[in-house]
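Throughout, protein chains are lettered first and strands after them, A, B, ... in sequence-line order, and every chain is numbered starting at 1.
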Protein chains: 2
Amino acid sequence: MRFSTRGRYGLKAMFVLAQHYGKGPLPLKQVAENQGISEAYLEQLIGELRKSGLVKSVRGAQGGYLLGKAPEKITVGDIIRVLEGPIAPADCVVADDADICDQADRCVTRLIWERVRDSVSEVLDSVSLADMLAQASEIQGGSPQCQPISQ
Amino acid sequence: MRFSTRGRYGLKAMFVLAQHYGKGPLPLKQVAENQGISEAYLEQLIGELRKSGLVKSVRGAQGGYLLGKAPEKITVGDIIRVLEGPIAPADCVVADDADICDQADRCVTRLIWERVRDSVSEVLDSVSLADMLAQASEIQGGSPQCQPISQ
DNA sequence: CAAAAACCAAGTGGAATAGTAGGAATTAAA
DNA sequence: TTTAATTCCTACTATTCCACTTGGTTTTTG
């Protein structure tokens, strides 16, 4: 029951962009170095974030990436859903195609997965990048960094 | 962010054993057929549950498996932890080796993963097999079945 | 024009998942 | 005492996903 590096790296990258919000585009190289993440790998992830509209890009020299919306309007859940897919501990509780399960109304384990899904969604949707910025300034020298190399 | 079939099948199997609690050992073949799960695969999973003490086995003809404790004393969290490992959306918030992260006190994304971990744990630890039995009798003909073939 | 950057597509090694296959040991019942 | 039912154990396999790497092309600024 782990999130992969896709979601975790993506969230860190978005946090870095949030810290730079309003200061123009930030080159991916700086984001990657800041977090100790492979730039080429992060490039793939941020490409998906761009297609989703959560980030914008500026091409060419002096270019880079920026948040597509204000930090208040981007939640952790938004980011995770783009990079990890729908939040659901089992296929039968993926919100959109809930009717995939023909036994839905008689299934007891499904009730468990629904509760897990809802509680994870509630946590992730309740935290915005702006909230994370606020928390970072509470924590002295706050950074999104956690295990620079393997995390 | 899915649980694998390990945890999902294991939970279903445990629910079936709970339904049979107090009635002697139940052969794995019946559990597997009831749920439409490969018996040989389920055998591996229930072996781990047995080693953890959550189920007991009776060998030989007329043998089978039984819950190791009363349904009230076994939670979904117990089962999931045996089959899926510690509940933690990222390695840096695996309870035991929390100190794996040298930046723990300055890390902002870690706070998110801690909240996710705790909320998932809270849900899974708050539901026992006995609770599931009660829910099953509320739902007419309640079964743990959900998508018999692929789930 | 040169350098900095985003963009794109394809390949790669390793690990985990979701099983299969085949047998050995144990026990109840015929 | 044999037979059938059942657990127990190990090893194998195909597929998928992860976490990258590689090698470019295009766009833009100075």
When you measure from every atom of DNA chain D, which of residues 39-54 of chain B have a heavy atom less than 4.0 Å away?
-> B/E43, B/Q44, B/R50

Residue met sooner reading DNA chain D from 5', once B/G60 and A/S38 are mapped to nucleotides = B/G60

For D/dC17, does either OP1 or OP2 sit under 4.0 Å from a side-chain N or O belonging to A/S4?
-> no

Over all heavy atoms of both residues, which pair between A/V94 and A/P86 is shortest? Give the atoms and the distance, please.
-> CG1-CG, 3.9 Å

Phosphate oxygens OP1/OP2 of D/dA19: is one of them under 4.0 Å from a side-chain N or O of A/T5?
-> yes

Decide yes or no, distance alone: a donor-acceptor N/O pair under 3.5 angstrom between the base of D/dT26 and the side-chain of A/R59.
-> yes

Same hydrophobic cluster for A/L66 and A/V16, using side-chain heavy-atom links shorter than 4.5 Å among ILVMFWY?
-> no

Are OP1 or OP2 of C/dA5 and a side-chain N or O of A/S57 less than 4.0 angstrom apart?
-> no

Is a side-chain N or O of B/N34 found less than 3.5 angstrom from the main chain of B/V31, in a donor-acceptor match?
-> no

Below 4.0 angstrom from OP1 or OP2 of C/dA5, is there any side-chain N or O of A/Y65?
-> no

Report the nucleotide, chosen from D/dG30, C/dA6, D/dC18, that has the shortest atom-to-atom distance to any side-chain atom of A/R6.
-> D/dC18

Taking five pairs at each end of the helix from C/dC1-D/dG30 to C/dA30-D/dT1, what angle separates the two helix axes (nearest 10°)?
-> 0°

Scan for ring pair (Phe, Tyr, Trp, His ring centres under 6.0 Å) pairs involving residues 32-79 of chain A, sequence neighbours excluded, and state none if there are none.
-> A/Y9-A/Y41

For the side chain of B/R117 and the backbone of B/I87, is there at least one donor-acceptor N/O pair under 3.5 Å apart?
-> no

